[in-house]
Amino acid sequence: MMSKLIGLAEAAALVPDGATLSLGGFTTQRHPMAFVYELIRQKKRDLYLFGHSPGGDWDILLGAGCVKRVELAYEADEAFGTIGPRWRRAVQAGRIEWEDYSNFGMVTRFQAGAMGLPFLPTRTAFGSDVFAKEALSAEQRAADPRTSQLKQAVMESPFQPGEKLLLLPAIHTEFCVLHVQKATESGLVRVEGQTFADNIQALCADTVIVTVEEIVPEEVMRQEPERTLLPPFAVTHVAHVPFGSHPYAVYNYYDSDPRQLKDYHAAAMIDEDFQAYLDKYVYGVPDFEGYLAAVGKTRLDSLKADPDYGYSPNLKRRRLD
Amino acid sequence: MMSKLIGLAEAAALVPDGATLSLGGFTTQRHPMAFVYELIRQKKRDLYLFGHSPGGDWDILLGAGCVKRVELAYEADEAFGTIGPRWRRAVQAGRIEWEDYSNFGMVTRFQAGAMGLPFLPTRTAFGSDVFAKEALSAEQRAADPRTSQLKQAVMESPFQPGEKLLLLPAIHTEFCVLHVQKATESGLVRVEGQTFADNIQALCADTVIVTVEEIVPEEVMRQEPERTLLPPFAVTHVAHVPFGSHPYAVYNYYDSDPRQLKDYHAAAMIDEDFQAYLDKYVYGVPDFEGYLAAVGKTRLDSLKADPDYGYSPNLKRRRLD
Amino acid sequence: MTTISNPPLTYSLTELMAVTAAREIQDNEVVFAGTGLPMLGAMLAQKTHAPNCLIIFEAGAIGSRMRHLPMSVGDPRTVRGAAMAVGLAEVFTYMLQAGKVDVGFISGAQIDRFGNINSTSVGDYRHPAVRFPGSGGSCDIACLAKRTVIIAQHEKRRLPEKIDYITSPGWLTGGESRKEAGLIRGGPSVVVTTKGVLRFRPTSHEAYLASYHPGLSAENVRDDTGFTLDTAGAFETPIPTTEELDILRKVVDPERIFLK
Amino acid sequence: MTTISNPPLTYSLTELMAVTAAREIQDNEVVFAGTGLPMLGAMLAQKTHAPNCLIIFEAGAIGSRMRHLPMSVGDPRTVRGAAMAVGLAEVFTYMLQAGKVDVGFISGAQIDRFGNINSTSVGDYRHPAVRFPGSGGSCDIACLAKRTVIIAQHEKRRLPEKIDYITSPGWLTGGESRKEAGLIRGGPSVVVTTKGVLRFRPTSHEAYLASYHPGLSAENVRDDTGFTLDTAGAFETPIPTTEELDILRKVVDPERIFLK
């Protein structure tokens, strides 16, 4: 059995400027943050991101100037920060290209790609401006094969005359990066708790890199094949990165870090403070170990999940000062 | 928390003559056989069955005269019997109405129903007679709302001109009956091993009846929500029926019964012998306990799964005489 | 913090809104919940009059029984002890699109008199003055739940004659327009605001004032609304019970994460 | 039972066919296997020259490492110790339709010179003389695997000029006809029969005899074929090695379930 283990820096180096990419997780859980910091440290440019409900993984990446275009439904940290500050500023300053879909819309697009179809039908979005308006112009679409030539299409069902369906185009990306709880060296992957859209995101990518809290033996994984997230051929590389989603939660491993998220949102509102944040946590440290040292062991220990809960039940989440 | 427990006879009594129905499992595993025997005992008539790869569950049901029309991809017990004897005879004698799809086609139809869509697209079947020919006439379809008015439709992708997709109509049934390993009284269901198409079959039915090897406590099921097959509202009734899939296997509980399957296939080749089989195992016993007694405890014990394998590793499966 | 005193009870505006939202949930209903007030309302309903309501979250937790209030719909707190853990595709297709969700909660920056909501941007869509997070699942809940409960800040500029972008379709332009647009079910049933409760006329689907919060009058509310609001027949919003407040404060949100 | 003696080895026809089928699998390939000979071939390949081939079954077992030969593709033996357990929808969409299956095995009652297969019925389709089980997943494998290996009984009536029903499309009427019908990839690469091995010409996609089994001649095989069969260049089918026979008999099928 071939080992798929890879180092984090080496894995991030695989992603060229201009690459199409999706990142796993949902708003405040299981984003591959260590990988994101490494992309920023390696000064990637002109990335094309596809996602449903990212959080600060996208916010810091596009704030650091790595991103050209995004297709998405939502970008914020929910109760930790109800808008991605750099996302808001990038749109308002005209510094980013984007297209809006709904969460169901983006998930439908990933699912179509995973299923090997050019599109899937849905019944959502009719009557909305998510349906009626386009942020990208026809010229922008025509000029760039990384984006679907059409935002969507409408058809009538041949089985129920008069019934309209919205057809949404499949997503195909060059890369997908996930952060999960457990994997084997051979690339078998297990997610605990919600799967979000990690499986279908991975299945529409050419190269799938999984960063992981814990490496487990092959026999352990094969005792419960029902829990495996992806077929073996879908995983290209595995990087062992404990705390790799910080400041976001990983169910059964650690909770979100309210202090770090508060600091991030405060910093990201002001250009200079955001640069200082990047300098302290990304550019100013050589690697993710350096990042974790900057956050500090005491803080990290306070986030560790209580096995009876899967999170930290006594964690102070509000009114931190 | 309301209990969804029901008796087997009471559950089968819910199904009226002429009902549309799908049964869980795949060829030689996890068919709800105890429920099937009860349908036969209650002399149901004119059932409409929808399935992908049923085995003897359908064969005995249609042999007993309970079935009017089937839509399917396959009907046999694989290496235990490479054709369903009563299925073959029913078709050849013109005693049954049917429509052929492929396994992927039928699964696509269940998935469309589960997703709340009138159809789903696929890339399969082009060039085949599964695609080109229809067993049901346009008149038969027009006369009966239990069957889709169209077998299928073809469209060109609006996203990739020239690319053809096959659209297959959603299935909706009044009943779906599954047999699974574990359930709670409240209707949370867990399948061990392959799920087949059980989840999507259940999600396109009005009433879902689950027969189950073992009732487990609510807390046990909720410790691993990743293993739950269906949302709670999708399960209507739960019947506790150990050995309820005999003579077919249930992973981690018992193996297929090669002797019983051999006897069935031998009997089902000859009309009189098939009647004798029904008399012995269905009509001649009052209930499923009677059936199990007719099979015999020694035989049942020999089928029990070895925990290290999930089946019976030393079971004699060939050359039984 | 607005505190409302209605002898002998004292409760905050947030508490009144959470209780009002909770009362929109019936027992045995499937509830599609979001972060903040909807979570307070859904948890309160589950712990009071609707013990069998099934709470689901778009990120993948089904049948949640939360011991601690989550900070997001993707929070581990939604999934521990839940009936089922899946992902977005399963929730959106098998549950929402398939018509299994009775009530969904949504909110936004702007809302018009037909319950259409904007949570995308203010100003020109391609060059906005203010950008918000975007739809998330709101557009989908608005399209496909059997009914929706809307939570809103009640200010004149947030309830304008015309919103800048329809993220989540309500009754569109009223009458049959929602159905004609291709939506097969649903529509907003109520708007719980910081000043009162709006409902919709059966045929025209125009909003009217059903109740104004204690301490305010129908006229106060009408004056703070950007569109013409029929206030005939409006009454005072029923206040929380002692039991509701007790559970809200001691069980649902003892950390006072969303409660003020 | 046909026994073929080729000093110093003695092996059965079934063993020869299983070995011949196994050799069609390359290491690291994704193999979509069916019951009977395909299982023998896939297990043999995994235990000899293709240890990293990934065996998948349509009923939901992915990356099987079988300790005992299954009786069906839904057998518990396929899933114990497998890499992943799912269902038919996942296998058909995420793997087969998405183009991740390198080689699929299929068989049938009739096969024509373009590798089209009938496993549905003989005679008039609506009033057949003989009904078979139906497609199962065969039609889908034939449409969507990158290539297919066909297993067939070699008799004149089973290899006719025209088959009664195309359950599983091969090269249809040859040339570009498969592509024109809407199939985006795949097609049969080889037919392993009870008498020899057929392959297909690159452009016309017509079957020709690649090899005849030991003890037979090209003429024998041609005479037992219902369509015109080009036998030019045909050689004798390579015989099993001692190691292959040993593993087949002692490891793959010691119970002699499919082996004769």
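Proximity of Phe104(B) to Leu88(D): side-chain heavy atoms (C-beta onward) are nowhere separated by under 4.5 Å.
Looking only at distances, no side-chain donor or acceptor of Gln194(B) sits under 3.5 Å from a matching main-chain atom of Val79(D). A distance-only check finds no donor-acceptor pair linking the side chain of Lys133(B) to the backbone of Arg126(D) [under 3.5 Å].
Shortest non-hydrogen contact noted between Pro133(D) and Ile83(B) is N-CD1, 3.4 Å. When all heavy atoms of Pro169(D) and Ser128(B) are compared, the pair lying nearest together is CD-CB, 3.8 Å. Summarising the geometry of Gln29(B) relative to Gly74(D), their closest heavy-atom pair is NE2-O, 2.9 Å, with the distance given to 0.1 Å.
If you measure heavy-atom distances from Thr120(D) to chain B, the contacts under 4.5 Å come from the side chain alone. No part of Asp124(D) comes within reach of chain B, as not one of its non-hydrogen atoms sits under 4.5 angstrom from that chain. For Ala82(D), no part lies under 4.5 angstrom from a heavy atom of chain B. Both the backbone and the side chain of Ile257(D) come within contact range of chain B, each with at least one heavy atom under 4.5 Å from a heavy atom of that chain. For Val73(D), the parts sitting under 4.5 Å from any heavy atom of chain B are the backbone and the side chain alike.
A cation-pi arrangement is present between Arg67(D) and Tyr309(B) under the rule of less than 6.0 angstrom and at most 45 degrees off the ring axis.
For the options Ser138(D), Gly60(D), Pro76(D), Ala129(D), heavy-atom pairs under 4.5 Å to chain B are most numerous at Pro76(D).
Between the side chains of Tyr125(D) and Asp100(B), a donor-acceptor pair is found at a separation under 3.5 Å.
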